[in-house]
Trainee: 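Have a look at the structure that comes next, please.
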Amino acid sequence: MAKRKRSSSVEKRLKDGRGQGIGTDYKPWLVIQDVGSLGRSTRLKGYKIPRQFEFLSDLERNYFYLLEYSDLVVDIREQYPLLTIEETIVIADELGIKHPTDPKTNEPIVMTTDFLVTTLKDGQHEHIARTLKYKKDLMDERVLEKFEIERIYWERQGVQWGIVTELEVPKTIAHNIAFVHRYADLAMLEGFEKCSTYDIEDMSIYFLQVLLAQEKTVKQIAKEMENNFGMVVGCGLSIFKYLVMTKVIEIDLSEKLDVTKILNIKAVRTDFSDKVKAI
């Protein structure tokens with residue numbers, strides 16, 4: 001196949017580092033302003049990988065929360081390009097189907113996969129590619145054609161590829177993680193600027209002691225703590241969110257998190273449970 005001349009937009013994105021890098025250095029191939037017509041896009045700061053992430057749907061955002069909370073996931077790359085474009089064009093030709101094109105120029109466009117995820121299990125890194133789609137859209141013949149190009153591309157890369165629908169992304173769990181997500185690093189939040197690591201640990205142990213007694217709601221404990229420690233309003237609840245997001249405490253995230261109820265704690269991280277017992 002003759003080498004195809006890349007469009008100026010593709011060259012510019014490559015020059016800008018789009019679709020390249022790992023961890024905090026990764027830049028997604030598509031960002032929200034590239035697809036401005038979509039209404040459900042979101043930008044989020046990562047906790048596990050502290051950079052800005054770009055999501056083009058609620059489903060992508062909710063899936064990201066699950067990835068962030070998973071102990072197995074070590075890197076997340078969204079809107080990952082299927083390069084080179086010549087490879088997906090060859091696959092489309094082999095399948096006898098039309099490669100996606102720019103509706104304005106009719107030129108082939110670089111296809112993307114929603115997530116390329118790196119996991120660490122038994123000391124081994126593994127890459128998995130995941131495409132997010134609402135179940136109702138899987139009936140669209142053209143969507144399925146593009147998925148087949150994507151599937152074969154990743155198969156030839158030796159990477160496991162799969163489709164994730166809303167049925168595999170529990171909304172309640174995603175919403176609960178969203179509720180606590182930005183509280184993993186309290187030192188970055190208002191009200192904790194002057195707190196040392198020791199101060200935060202001390203307050204966490206205090207909160208945990210009362211929480212484990214199971215006699216008061218999360219909201220009651222938070223309010224009392226703010227009064228006792230002279231904290232800014234809201235900081236008590238921030239301590240609770242910190243405990244959940246950093247997995248100091250394990251709770252049932254499949255049920256809607258309600259801070260006005262007495263919470264059932266399933267487990268406490270060993271290092272903290274020892275400190276609570278020591279007091």
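In this text the structure is predicted, and so the values were computed from the model without any measurement.
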Trainee: Apply the test side-chain contact (heavy atoms from CB on, under 4.5 Å) to residues Y65 and H175: give CA-CA distance (whole Å), side-chain angles for both, the deciding distance (0.1 Å), then the verdict.
Mentor: CA-CA 8 Å; Y65 282 128; H175 287 183; over 6 Å; no
Trainee: Give the intermediate values and the outcome of side-chain contact (heavy atoms from CB on, under 4.5 Å) for residues E224 and K216.
Mentor: CA-CA 10 Å; E224 287 180 10; K216 297 177 182 176; 2.9 Å; yes
Trainee: Mark yes or no for whether Y134, through its side chain, and L59, through its backbone, hold a donor-acceptor pair below 3.5 Å.
Mentor: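 Yes, because the side chain of Y134 sits within donor-acceptor range (under 3.5 Å) of the backbone of L59.
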Trainee: Between E94 and R156, does any NZ, NE, NH1 or NH2 come within less than 4.0 Å of an OD or OE carboxylate oxygen?
Mentor: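 E94 and R156: salt-bridged.
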Trainee: Donor-acceptor pair, D140 side chain versus D137 backbone, under 3.5 Å?
Mentor: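 Judged by distance alone, no pair lies under 3.5 Å.
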Trainee: Between the side chain of N176 and the main-chain N/O of L253, is any donor-acceptor distance below 3.5 Å?
Mentor: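 Between the backbone of L253 and the side chain of N176 there is a qualifying donor-acceptor contact (under 3.5 Å).
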Trainee: Can you spot which of I91, V110, T113 makes a side chain to side chain contact (heavy atoms under 4.5 Å, CB included) with L82?
Mentor: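 Result for side chain to side chain contact (heavy atoms under 4.5 Å, CB included) with L82: T113.
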Trainee: Is K133 paired with D114 through a side-chain N to carboxylate O contact shorter than 4.0 Å?
Mentor: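 No, D114 and K133 are not salt-bridged.
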Trainee: Check whether any side-chain N or O of K241 sits under 3.5 Å from a backbone N or O of A184 as a donor-acceptor pair, and report yes or no.
Mentor: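 Judged by distance alone, no pair lies under 3.5 Å.
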Trainee: Do the side chains of I85 and I109 get nearer than 4.5 Å, heavy atoms only?
Mentor: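 Not touching, per the 4.5 Å side-chain cut-off.
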Trainee: Is the shortest side-chain heavy-atom distance between T24 and P50 below 4.5 Å?
Mentor: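 They are in contact (side-chain heavy atoms under 4.5 Å apart), so the answer is yes.
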Trainee: Taking the side chain as every heavy atom from C-beta outward, state whether E250 and K266 have any pair of such atoms under 4.5 Å apart.
Mentor: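 Yes - at least one pair of side-chain heavy atoms lies under 4.5 Å apart.
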Trainee: Do the side chains of S204 and L243 get nearer than 4.5 Å, heavy atoms only?
Mentor: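 Result yes, sub-4.5 Å side-chain heavy-atom pair found.
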Trainee: Any side-chain heavy atom of E166 within less than 4.5 Å of one from K135?
Mentor: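 A side-chain contact exists here, since the closest heavy-atom pair is under 4.5 Å.
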Trainee: Could you check M203 against F192 for side-chain contact (heavy atoms from CB on, under 4.5 Å), going step by step and ending with a plain yes or no?
Mentor: CA-CA 11 Å; M203 289 185 283; F192 295 95; 4.1 Å; yes
Trainee: Aromatic ring centroids of Y80 and F115 under 6.0 Å?
Mentor: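 Judged by ring-centre distance (under 6.0 Å), Y80 and F115 do not meet the cut-off.
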Trainee: Evaluate side-chain contact (heavy atoms from CB on, under 4.5 Å) for L116 paired with V159, printing each intermediate quantity in order.
Mentor: CA-CA 9 Å; L116 180 64; V159 173; 4.3 Å; yes
Trainee: If you draw a 6.0 Å radius around CD in E190, do more than 12 non-hydrogen atoms from other residues or ligands fall strictly inside?
Mentor: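 For E190, atom CD is not crowded (no more than 12 foreign heavy atoms under 6.0 Å).
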Trainee: Give a yes/no verdict on a cation-pi contact between R151 and Y153, requiring under 6.0 Å between NZ or CZ and the six-membered ring centre and an angle within 45° of the axis.
Mentor: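 Not flagged: R151 not positioned over aromatic ring of Y153.
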Trainee: Going by heavy atoms in the side chains, are L186 and C235 under 4.5 Å from each other?
Mentor: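 No, every pair of side-chain atoms sits at 4.5 Å or beyond.
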Trainee: Looking at R130 and E168, is any side-chain nitrogen of the basic one under 4.0 Å from a carboxylate oxygen of the acidic one?
Mentor: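 Salt bridge flag = no for R130 with E168.
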Trainee: Determine whether more than 12 heavy atoms belonging to other residues, nucleotides or ligands lie under 6.0 Å from atom CD of E215.
Mentor: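 No.
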Trainee: Please determine if E11 and K15 form a salt bridge, counting it only when a charged side-chain N lies under 4.0 Å from a carboxylate O.
Mentor: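 The answer is no: the pair does not qualify as a salt bridge.
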Trainee: Got a salt bridge between D71 and K48, using NZ or NE/NH1/NH2 to carboxylate O under 4.0 Å?
Mentor: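 The answer is no: the pair does not qualify as a salt bridge.
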Trainee: May I ask you to check whether Y206 and F229 place their ring centers less than 6.0 Å from one another?
Mentor: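 Centroid separation for Y206 and F229: below 6.0 Å.
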Trainee: If the threshold is 4.0 Å, N to carboxylate O, is there a salt bridge linking R13 and D16?
Mentor: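 Salt bridge absent between R13 and D16.
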Trainee: Do the charged groups of R269 and D271 touch, with an N to O distance under 4.0 Å?
Mentor: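 Judged by the 4.0 Å cut-off on N to carboxylate O distance, R269 and D271 do form a salt bridge.
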Trainee: E60 side chain to L56 main-chain N or O, any donor-acceptor pair under 3.5 Å?
Mentor: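 Between the backbone of L56 and the side chain of E60 there is a qualifying donor-acceptor contact (under 3.5 Å).
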